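Okay, so here's the structure we're looking at.
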Amino acid sequence: MHKLLQGLNEKQKEAVLKTEGPVMAIAGAGSGKTSVLTKRIAYLIYEKNIPIQNILAITFTNKAAEEMKDRIYEAIGIYSREMWISTFHSMCARILREHIDRLGYDRHFQIIDDDDTKQLVKNLLKKQNIDVKLFSPKTIRDMVLKAKQDNAYLDGIEMPLKDVVATTKEKYVAYLEESNLVDFDDLLLLTTRLLKEHDDIKAYYHDLFQYILVDEFQDTNDIQYDLVKTLTNKDENIFIVGDEDQSIYAFRGANIKNIQRFKKEFSHPHIVLLEQNYRSTNTILNAANAIIKHNQSRIPKNLFSTKGEGEKIIHYKGPTARDEVEYIAMTILKHVQKGYDYNDFAVLYRANSTSRQFEEVFMQKQMPYKLFGNTSFFKRKEIKDFTAYLRYLINPDDAFSFLRIISVPRRGIGAKTVEKIMDYAGEQSLALSDALNQADNYLSTRQANNIEEFVTMVNSLQQKLTDEPIDNIIDALLNDTGYVEMLKKDDKGDVRYENILELKTLLHESSETYKEFNKTEQLSFVLEDIALKSEETKEDVEDGVTLCTLHSAKGLEFRVVFIVALETGMFPLHQSMSDARALEEERRLMYVGVTRAKERLYLTNASVRQTYGQTNQNMDSPFLREIPEDYLDYEGYVQKRTYYQQSDRSHIKAKEQFIAKRKETLKTYTENTLNKGDKVIHDTFGDGVVVSVAGKQCVIAFSHGVGIKKLLKDHPAIKKK
DNA sequence: AGGTCTTTCCTTTTT
DNA sequence: GGAAAGACCT
């Protein structure tokens, strides 16, 4: 027997050895899935002599990709950048950097993140004079993105809303294309389009990717499924791993049915069931099974373990959330004294915001910790400002970045001037940089001078970027833009400054990886990394307690796991309480959490907790009740558990009120039958006369110095007199 | 235009 | 409770 196969059970061996044709492994939690994936890759390389660049392995999160690279390095002693092990999005970015010009984009396209898309949609709504209080930018953004994936989505939307989404979508798509920006979905959509529309490129990748592996297939959405299908060549040497019980990304479009679809649409996949769990004790595994059994929509599985019964699961309930955190800290310290490492512990929570208290207490007790998914770093204002500056240096026609930086710090150019610039660029069909260069033509001398100064500054910064080491650009930005002066006036200036220095370090380190490219390209790649890795993983602690969300805990395992804030409203979130499907997803998340534990599992919560600065009393999470008493022990001050009753509808009330309110506002958004010459009154602009009507738009001349406005005809603020 | 005060949103989860 | 956007004043 080959030594690669040592320690694998029969099913696992089957999954490794069946290299040809489609294979689908249904892998329960802890069934050695990652091990199978890495050994399969090793087997392909060593036994089948497949060149490494001909293997494509796709994961969902950066962490999973990193993990797989590490494991492959362990198994075969090599990892090279030629190997395609990456997330869906990184893979697409890599392909697009090579070929996106075929779709009419520039290869230096920039990736914008979720916050940016929200901001952009908000700007677009405002430009159409749509009240962002009536139509929340976030909701519209979500709908725009869905419509972008599938135009038919629009058909299901009610009328006034449908119009808003449809027009905003058009503008959004056009805007991104003009500014050479792509969003996360575009990475997937454009790659698929590239392959479908260009046979030579498809042939190239079909030839390149002889063997494809996709992890966590239950989390693929429809675009990703389509992409995988398009990437697969006629040999169909594709291996997918999935577990329906661990599908936790439905909120971003993951479709569990894709597993079934794979079974039908690929030619007779070989199916392997991995049901032996190598991770957890039977107590933990049985509890997990008991919980997941409450889900209606699932295919029953039969997970078993040979690890023995193990310790009971402990439910701790404290009087306050603070007590809960203290209890966990003390419990960890107690175990560490008995010989556990800090690395053996994980604190898992539903929402990132929960991490804060743990950080405070751990810091105070000088306990080392690793905070995963600290999304906040790249979302901080100063970091967003700087990445916008960097993007703008690469592409001075990037209007989106321009809007972000033009008055940060203030440089005598206000909203009105910016509007003039944008209008001019629009009317003359000019690129932003050209419009700026012609500022003399349409701006007052003072404004034109300010703009000229800005342009000169940008030019000199661009020069510095080419002449000097890449991380010098951060200092140049700090000084030349006046940012550092601005920070001096800011209460939190010193913290922000520290963060900018951290960005500088990051720029320095990651540009090393791209040494062989020119400066602009280096910067471009680093910005791409930043965009695609929302997480800043603090790896500076060798041995530390892991703090992370249940979502990012998927694929990881720990000797001791704490699942915290197990309260109705916190986990499951109250938004999910009234929706059976959402509740099932929360339950799968609970299942994922429980199955992370190898030896000990602590489930904790508190009677009283502060949320949004308000003190709340929460009920115990229904998931606690789903664990048979035999597996549980109690600790803590509060022994009594309280559960939410069906009759108690207080959680749902808020949501119902919200829906009712929205319906009410939508009702007022009725169609105006405006004609030329009609006298109207507008909530903010006052009296006016309709000058013209074209489609959904109309032009109204207002009195009292407001002037002429182009508005949506049906806007509720407009009433006919 | 720009600074300060007030209000609002937020905490779902990831790329 | 805290950040960021908006309202309001200079």
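Throughout, protein chains are lettered first and strands after them, A, B, ... in sequence-line order, and every chain is numbered starting at 1. Here the structure is a predicted model, which is why all the values come from computation and not from measurement.
Straight-line distance from the NZ atom of A/K118 to the C1' atom of B/dT12: 13 Å, rounded to whole Å. Separating the CD1 atom of A/I530 from the P atom of B/dT15 is a distance of 15 Å, rounded to the nearest angstrom. For the pair A/D115 CG and B/dC10 P, the interatomic distance rounds to 12 Å; values are reported in whole Å. In this structure, CG of A/D113 is placed 14 Å from P of B/dT13, rounded to the nearest angstrom. When rounded to the nearest whole Å, the span between CD of A/Q610 and P of C/dG2 equals 11 Å. One atom, CG of A/L348, and another, P of B/dT14, lie 12 Å apart when rounded to the nearest Å. The separation between A/D116 atom CG and B/dT15 atom C1' is 13 Å, rounded to whole Å. One interatomic measurement links the two molecules: CZ of A/F251 to P of B/dT13, which rounds to 8 Å at whole-angstrom precision.
Both A/D185 and A/T611 lie near DNA chain B, and the one whose nearest nucleotide falls closer to the 5' end is A/T611.
Lacking a ring centre under 5.5 Å from that of the base six-membered ring together with a plane angle below 30°, A/Y249 does not count as stacked on B/dT14.
Side-chain atoms of A/Y591 and A/Q246 form no donor-acceptor pair, as typed in the model, at a separation below 3.5 Å. No side-chain donor from either of A/Y172 and A/N123 sits under 3.5 Å from a side-chain acceptor of the other. Between the side chains of A/T604 and A/E324, at least one donor N or O lies within less than 3.5 Å of an accepting N or O. Defined by atom type and a distance below 3.5 Å, a donor-acceptor pair is missing between the side-chain atoms of A/S607 and A/Q617. Side-chain contact annotation: A/D222 with A/N255, donor-acceptor N/O pair under 3.5 Å present. Side-chain polar atoms of A/S179 and A/D398 form no donor-acceptor pair below 3.5 angstrom.
Here the nucleotide nearest the side chain of A/K122, chosen from C/dG6, B/dT15, B/dT14, is C/dG6. Here the side chain of A/N352 is nearest to one of B/dT14, B/dT11, B/dT12, namely B/dT14. Taking only side-chain atoms of A/F184, from C-beta outward, the nucleotide of C/dA4, B/dT12, B/dT15 with the closest atom is B/dT15. For A/T549, taking side-chain heavy atoms from C-beta onward, the closest of the listed nucleotides B/dT14, C/dA4, B/dA1 is B/dT14. Nearest nucleotide to the side chain of A/R252, out of B/dT12, B/dT14, B/dA1: B/dT14. Taking the side chain of A/H551 as heavy atoms from C-beta on, and the options B/dT13, B/dA1, B/dG2, the nearest nucleotide is B/dT13. Of the candidates C/dA4, B/dT12, B/dT11, the closest approach to any side-chain atom of A/S353 belongs to B/dT11. Checking B/dT13, B/dT15, B/dG3 against the side-chain heavy atoms of A/R410 singles out B/dG3 as nearest.
Residue contacts for A/F60: at a heavy-atom cut-off of 4.0 Å it reaches the sugar-phosphate backbone alone, with no base atom in range. At a threshold of 4.0 angstrom between heavy atoms, the contacts of A/R446 with the nucleic acid are absent.
In this model, the phosphate group of B/dA1 is approached by a side-chain N or O of A/Q447 to a distance below 4.0 Å at OP1 or OP2. Within the structure, a side-chain polar atom (N or O) of A/K138 is placed less than 4.0 Å from OP1 or OP2 of B/dT11. Taking side-chain N and O atoms only, A/S552 has a distance below 4.0 Å to OP1 or OP2 of B/dT14.
In a base pair of the Watson-Crick type (N1 to N3 plus N6-O4 or O6-N4) or a G-U wobble (N1-O2 and O6-N3), with each distance short of 3.5 Å, B/dT11 is matched with no nucleotide. Nucleotide C/dT10 forms a pair with B/dA1, judged by Watson-Crick or G-U wobble geometry with both contacts under 3.5 Å.
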